[in-house]
Amino acid sequence: MTLLALDNITKAYGGAPALRGVSLTVEPGEIHALMGENGAGKSTLIKILAGVVMPDTANIAIDGKAVTIDSPAQAHRLGLRFIHQEFNVVPALSVAENLFLGRPYPRRWGGLIDWPRLNATARATLERLGISHIDPAAPLSRLSLGDQMLVRISSAFLDEGGAPARLYVLDEPTAALSRSESQALFKVLAGIKASGCSILYVSHRLDEIMTICDRATVLRDGTSIDSGRLAEITHDDLVAMMIGRPVGQAYPAPAAAPGSAEMLRIADLSLGAEPFGLTVRAGEILGVAGLANAGQTKLLRTLFGDRASRARITLSGQPYRPRSPADAWRAGVAYVPAERRSEGLMLTRPIFENATLPHLAAQSLGGTWLTPGRERAATRTAGERVRLKARGPDQLAGTLSGGNQQKVVFARALAGNPRLLLLDEPTRGVDIGAKFDIYTLIRDMAAKGMGVILVSSDLPELLGMADRIAVLRGGALIGLHEAAALDQERLLNLCYGRAPAEPAATES
């Protein structure tokens, strides 16, 4: 018997339809992918399942019995568990306290919180996911973003009694996870599937979908397309269903080869035990690969003035010693951070305030009086440059789809016409259509002579976009390679240190 059946799910916001008669079924013991570009309706459908949003029309059945989901509590009673894309955590609280957010704490006689039991239950929950390195009593703020996401995921598996879990809904669970963390999660999902429970899995990482999921439902413009069993279709078939057109090349071809002029030169940079050097030529895309915490983000933050460094750095032949991000912006260095929602955007402010924030002097009269009219005009121009889809510059950034939020961050980065563009996971959580727009934009900037440093955990992305790839391990540069000479397997082996080192490992 079908575990979950959705039929004729419709929802409109202010007369604009978000879902148009969507249908979907999930069978017992399967991992079912829910796919679609940003804005296709996935988040709205998940919120309806969670009892957060009320549909205009809906036929919902669990185990063949019609149900109404009118609150999160009712969704929980029906055995539905949710891990949303946003981090719903409190950094000042402990790991164990975050696991129990929204749940009653275990109590002793007299109503006092049973802290040993709370921590023991949290530890058992983490260990179910193979997580032994996280202390349940540690403040969440001390954890890396990947570990924070593991805690968030673990909360859905907390054994708290009551209605047993039947269906887990995971929205981009691996977006902030390393490869090894993702593999640990996949093992847990396989165990859930073997137990007879089911998973509705949302991800823009198509390789993950093709590897771990059994079937898929694709949403496009608020309507559903049942793709059937994934073993019977190809990767390109799935992408074509999502974007509504045949698949072309995944990565745009470079318009020109990098020039010979040096844009950036780094010497004696210490991120770990061994200082190293690097150069980036004008028009070059330098990829940076490595395992989690290998020094990739430290490299970008150092160049952006967020970390003190004694390295000798020149930009276009001139000494470059940024003491703050403001110095970097003024020098023509722009940065796109890995976490757009927490590090890149003011979600409750309009697009134009986000896009012009580091460039207010250029949008003011005499460098003193802000002129919102200029800010809005500049934002419209920058929005067209990045193919931003929005109602206008006054739309709140938090109401945009993930791909368009990322385009706002790019619009801000490019508004000052930088010489050097620093990109940290620039397509994380972005759908396939928006990814191609971003790749095209990066290629266009490189073609105009901009230097680009691209950090990504997506190895095909690095191989498809970079001219050269620097491999970091433990904060040290252990290899520098022409991207055309690598494939995914060799690059992964280099990151793990399984491939022989090559002599051209550093630059000075």
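Residues take their numbers from the sequence shown, with the count starting at 1. Here the structure is a predicted model, which is why all the values come from computation and not from measurement. Hydrogens, waters and symmetry mates are skipped; everything else that's a heavy atom, side chains included, is used.
For the residue pair Thr440 and Arg443, no side-chain donor N or O sits within less than 3.5 Å of a side-chain acceptor on the partner.
For Asp63, the side chain to side chain contact (heavy atoms under 4.5 Å, CB included) criterion is met by Met1, Leu3, Arg166, not counting sequence neighbours. With sequence neighbours excluded, the residues satisfying side chain to side chain contact (heavy atoms under 4.5 Å, CB included) with Thr25 are Thr2, Ala5, Glu27, Arg215. Under the side-chain hydrogen bond (donor to acceptor under 3.5 Å, both in side chains) criterion, Arg349 pairs with Glu353, sequence neighbours left out. Scanning for side chain to side chain contact (heavy atoms under 4.5 Å, CB included) contacts around Ala73 gives Ser71, Arg77, with sequence neighbours left out. With sequence neighbours excluded, the residues that form a side-chain hydrogen bond (donor to acceptor under 3.5 Å, both in side chains) with Ser457 are Glu425. Applying the ring pair (Phe, Tyr, Trp, His ring centres under 6.0 Å) criterion to Phe410, with sequence neighbours excluded, gives no partner residue.
In this structure, Lys11 satisfies the cation-pi test against Tyr13, with its NZ or CZ atom closer than 6.0 Å to the six-membered ring centre and inside 45 degrees of the ring normal.
Note on Lys193 versus Asp214: salt bridge recorded, some NZ/NE/NH1/NH2 to OD/OE distance being below 4.0 Å. Note on Glu461 versus Arg205: no salt bridge recorded, every NZ/NE/NH1/NH2 to OD/OE distance being 4.0 Å or above. Between Asp114 and Arg108 there is a salt bridge, since a side-chain N of the basic residue sits under 4.0 Å from a carboxylate O of the acidic one.
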Query - side-chain hydrogen bond (donor to acceptor under 3.5 Å, both in side chains) assessment of His32 paired with Thr217 - result: CA-CA 8 Å; His32 190 108; Thr217 295; 2.8 Å; yes
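Closest heavy-atom contact between Asn8 and Ser23: N-OG, 3.8 Å. The two atoms that bring Asn98 and Val90 nearest to each other are OD1-N, 2.7 Å, heavy atoms only.
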